[in-house]
Amino acid sequence: MAIVAGVDFGTLSVRVSIVDSERGRLGSAVEEYPLHRKREDPDFATQAHEDHMRALASATRKAVAAAALKGEQVEAIALDTTGSSVIPVDAQMQPLNEYYLWCDHRAKKEAQEITKLAHAEGLEAIEWCGGVYSHEWGFAKLLHWLRNNEEKRGQFASAFEHCDMVAATLCDITDPKKVKRSVCAMGHKWMWNPKWDGLPPQEFLSKLDPLLDGVREKLNGEYSTSDAIAGHLSAHWAEQLGLREGIPVPVGAFDAHWDALGAGCREGDVVNVVGTSTCIIAMAKKAELVPGVCGVVPGSVHPQYTGIEAGLSATGDIFEAIARRAGVKVSELAKGLENYRAGQTGLLRLSWDNGDRTVLVNPELGGVTLGWNLIHTAQDELFAAIEGTAFHTRIILERMAEHGVRVDRVINGGGIPQNNPVLNQVYANVLGKPVLVPSGVPTSLGSGIFAMVAAGVFKTVEEAQDALCLDHTTIEPDPKQAAVYEQLYPLYRRVYFALGSRSAEPVALGDVLPEIRRIAAEVQGS
Ligand SMILES: Nc1ncnc2c1ncn2[C@@H]1O[C@H](COP(=O)(O)OP(=O)(O)O)[C@@H](O)[C@H]1O
Ligand SMILES: O=C(CO)[C@@H](O)[C@@H](O)COP(=O)(O)O
């Protein structure tokens with residue numbers, strides 16, 4: 001028997017779970033931290049390193065108390081975070097600014113420049129990240145920071161993903177060169193891959209902007225999968241967290257990737273980690289390039305597999321915005337959704353409110369709702385938004401399957417499937433497949449799995465999964481509702497490509513809207 005701590009840094013809060021190798025999760029605690037946004041600049045989204053560390057210390061102490069244990073008993077701590085959440089640091093690992101959070105979109109211009117040059121130079125890496133370098137990713141954010149912080153540039157020693165920065169802080173590693181970097185974070189967001197000798201060549205980066213001269217060297221170091229140890233908990237942070245000094249901290253990774261493992265992901269499974277955004281995660285022994293899918297990286301989800309990541313740039317964030325505009329909480333607006341039937345609203349809602357991450361990969365897109373009439377309500381829009389995210393998910397899963405990714409089982413992981421059963425049923429109906437939902441919050445179990453491996457309790461991720469993962473409830477598609485979606489999905493697909501991409505066949509709303517309305521009228525009349 002062994003006890004470890006699993007940590008998950010989400011967009012708004014950190015969850016710490018205390019996990020026992022035999023009894024599973026013994027207790028957990030959540031602590032929030034501020035997300036700094038600016039009303040005048042919707043692209044701005046930052047968070048402070050100190051706020052994260054303070055929240056981590058408090059949540060860890062509370063989780064240990066909730067588990068009715070002593071912190072001394074915890075044998076390892078592992079952590080995952082959002083990404084690309086990037087922090088520039090000086091030569092002593094001190095932050096030069098706040099994190100550019102994953103949803104900070106200020107670096108659109110830089111991302112476009114990277115994409116353009118990468119294609120012009122024939123950089124193989126650009127094909128493996130969907131053909132478009134995202135403004136949510138590391139190099140775009142770093143270049144934006146360098147261009148906009150002239151007075152601090154002289155102190156710039158390196159930049160880190162949130163997961164690597166927290167592990168380094170906990171282990172008191174103060175030399176940027178000695179910090180181990182996560183292949184998951186660096187592979188999906190910084191074009192790192194052993195296939196082309198790590199990061200893109202320095203010549204490419206310098207051509208992009210001379211401000212990036214020498215940056216490859218500054219980002220160098222040991223790149224590791226999460227079965228490697230990043231370091232050991234320092235005396236200072238052991239005291240802050242209420243744990244034992246010297247326990248191992250494995251190399252971290254992204255939240256969605258470990259959430260997928262925590263939700264029980266094996267080869268052949270696709271996990272929709274549905275939260276503020278959706279990350280769609282799969283893993284394969286061998287994976288080919290998937291056009292429009294934002295990352296195919298060896299070792300990223302599971303150390304011995306190639307991880308595949310796709311997703312929606314906003315899911316819960318869309319639901320929340322709809323509720324906010326109606327002046328209520330999303331949990332309030334969600335009450336009564338179970339009375340809705342497939343397609344009944346007559347609304348078709350595209351989930352582009354935060355741009356499109358996969359498969360169009362276009363940050364310029366914005367949310368679109370077709371079919372409004374004068375009596376539609378905010379709740380109608382919420383239901384249509386759930387349907388819209390499910391349709392978008394189907395487009396992505398079809399793209400993955402076309403390129404050899406197995407979609408034998410679909411698992412709805414992440415926070416929202418635990419709170420919103422209607423969403424799970426809509427997903428099963430739209431996908432026309434059973435959807436498996438973990439029978440309890442899967443968040444932070446992935447970290448528990450890697451903490452167990454770090455503590456040496458289990459030799460493999462699979463053994464740890466067998467011990468820690470929760471059972472699944474299977475949501476079967478409802479044949480009648482699924483049949484309605486079989487009519488609506490082709491319309492959604494046409495509109496998605498026609499509105500979102502210049503190269504697709506155009507579509508006339510005068511053709512689409514009567515069809516959506518006809519389907520709604522049939523549903524209402526049945
Ligand atoms: N009942 C609900 N139905 C749908 N969405 C919800 C509900 N309750 C909360 N949400 C959304 O869940 C999101 C948070 O998801 P969660 O998985 O807990 O966090 P994170 O994505 O940061 O890890 C928020 O965007 C919130 O709007
Ligand atoms: O993009 C990634 C991981 O690659 C996520 O960290 C990001 O979408 C944030 O995820 P959450 O929805 O906050 O869990």
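Both ligands and their constituent atoms are indexed starting at 1 by order of listing. In this text the structure is predicted, and so the values were computed from the model without any measurement.
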When you measure from the side chain of Thr225 to the backbone N and O of Gly299, does any donor-acceptor pair fall under 3.5 Å?
-> no
N-O pairing of Lys62 and Glu31 below 4.0 Å | yes
Tell me, please: is Gly10 in heavy-atom contact with ligand 2, that is, under 4.0 Å?
-> no
Can you sort out which atoms of ligand 1 are near Asp317, meaning under 4.0 Å from one of its heavy atoms?
-> 25 (O)
Not counting sequence neighbours, which residues clear salt bridge (charged side-chain N to carboxylate O under 4.0 Å, His left out) with Arg54? List them please.
-> Asp51
Criterion side chain to side chain contact (heavy atoms under 4.5 Å, CB included) against Asn412, the qualifying member of Asn424, Ile475, Val273 | Asn424
Record the part of Glu309 in heavy-atom contact with ligand 2 below 4.0 Å; permitted values are side chain, backbone, both and neither.
-> side chain
Which residue holds the protein heavy atom closest to atom 25 (O) of ligand 1, what is that atom called, and what is the gap in Å?
-> Gly316 C, 3.0 Å
For atom 9 (C) of ligand 1, closest protein heavy-atom neighbour = Val330 CG1, 3.7 Å
Considering heavy atoms of the protein only, find what lies nearest to atom 13 (O) of ligand 2 and give residue, atom and distance to 0.1 Å.
-> Thr11 OG1, 2.4 Å
For Thr11, is at least one N or O under 3.5 Å away from an N or O on ligand 1?
-> yes
Using distance alone, decide if ligand 1 has a nitrogen or oxygen within less than 3.5 Å of any nitrogen or oxygen in Gly10.
-> no
Within a distance under 4.0 Å of any heavy atom of Phe319, pick out the atoms of ligand 1 and give their elements.
-> 4 (C), 5 (N)
Pair Glu124 + Lys195: basic N to acidic O under 4.0 Å = yes
Using a strict 4.0 Å threshold on nitrogen-to-oxygen distance, state whether Glu32 and Arg15 make a salt bridge.
-> no
Does the distance from a Lys or Arg side-chain N to an Asp or Glu carboxylate O, for Lys141 and Glu136, drop under 4.0 Å?
-> no
Write out the residue and atom name of the closest protein heavy atom to atom 8 (O) of ligand 2, then the distance separating them to 0.1 Å.
-> Ser277 OG, 2.8 Å
Intermediate values then yes/no, ring-ring contact (aromatic ring centres under 6.0 Å, His included), His188 and His257 | CA-CA 11 Å; His188 281 284; His257 297 241; 4.7 Å; yes
Tell me, which protein residue and heavy-atom name are nearest atom 9 (C) of ligand 2, and how many Å apart are they?
-> Trp102 CE2, 3.3 Å
closest protein heavy atom to atom 15 (O) of ligand 1 is Gly275 CA, 3.6 Å
Name of the residue among Trp102, Tyr99, Tyr100 meeting ring pair (Phe, Tyr, Trp, His ring centres under 6.0 Å) with His162 = Tyr99
For atom 1 (N) of ligand 1, which candidate among Leu337, Thr443, Asn419 holds the nearest heavy atom?
-> Asn419
May I ask you to identify the nearest protein heavy atom to atom 11 (P) of ligand 2, giving residue, atom name and distance to one decimal place in Å?
-> Thr276 OG1, 3.4 Å
Once the angle between the rings of Tyr489 and Tyr492 is folded into 0 to 90°, is it parallel (under 30°), tilted (30 to 60°) or perpendicular (over 60°)?
-> parallel
May I ask you to check whether Glu381 and His376 show a side-chain donor-acceptor distance below 3.5 Å?
-> no
Tell me: protein heavy atom nearest atom 11 (C) of ligand 1, and distance?
-> Ile416 CD1, 3.7 Å
Indicate yes or no: does an N/O atom of Thr81 lie under 3.5 Å from an N/O atom of ligand 2?
-> no
Should the heavy atoms of other residues, nucleotides or ligands under 6.0 Å from NZ of Lys285 be counted, would the total exceed 12?
-> yes
What is the closest protein heavy atom to atom 14 (O) of ligand 2, and at what distance does it sit?
-> Asp255 OD2, 3.0 Å
Atom 14 (C) of ligand 1: closest protein heavy atom, distance to 0.1 Å, is Thr276 CG2, 3.9 Å
Number the atoms of ligand 2 from 1 as they appear, then name those within less than 4.0 Å of a heavy atom of Arg357, with their elements.
-> 1 (O), 8 (O)
The one among Gln418, Glu320, Lys329, Arg15 that brings a heavy atom closest to atom 27 (O) of ligand 1 | Glu320
Which residue and non-hydrogen atom of the protein lie closest to atom 2 (C) of ligand 1, and at what distance in Å?
-> Asn420 ND2, 4.0 Å
Ser277 to ligand 1: N or O pair under 3.5 Å?
-> no
Starting from atom 2 (C) of ligand 2, find the nearest protein heavy-atom neighbour and note its residue, name and distance.
-> Gly83 O, 3.2 Å
Does ligand 2 have a heavy atom under 4.0 Å from the side chain of Glu136, from its backbone, from both, or from neither?
-> neither
So for Cys103 against ligand 2, with non-hydrogen atoms under 4.0 Å, the contacting part is neither
Test of proximity, Ser331 against ligand 1: N or O pairs below 3.5 Å | no
A student checking ligand 2 against Cys279 at a 4.0 Å heavy-atom cut-off should list atoms 1 (O), 2 (C), 3 (C), 5 (C), 8 (O)
Could you tell me how the ring of Tyr340 sits relative to the ring of Phe383: parallel (under 30°), tilted (30 to 60°) or perpendicular (over 60°)?
-> parallel
Among non-hydrogen protein atoms, atom 17 (O) of ligand 1 lies closest to Gly415 N, 3.0 Å
Which residue pairs satisfy the ring-ring contact (aromatic ring centres under 6.0 Å, His included) criterion with at least one member in residues 415-443, sequence neighbours excluded?
-> none
Does the side chain of Ile87 come within less than 4.5 Å of Glu98's, by heavy atoms?
-> no
Expected output: side-chain Tyr33 to main-chain His52 donor-acceptor under 3.5 Å | no
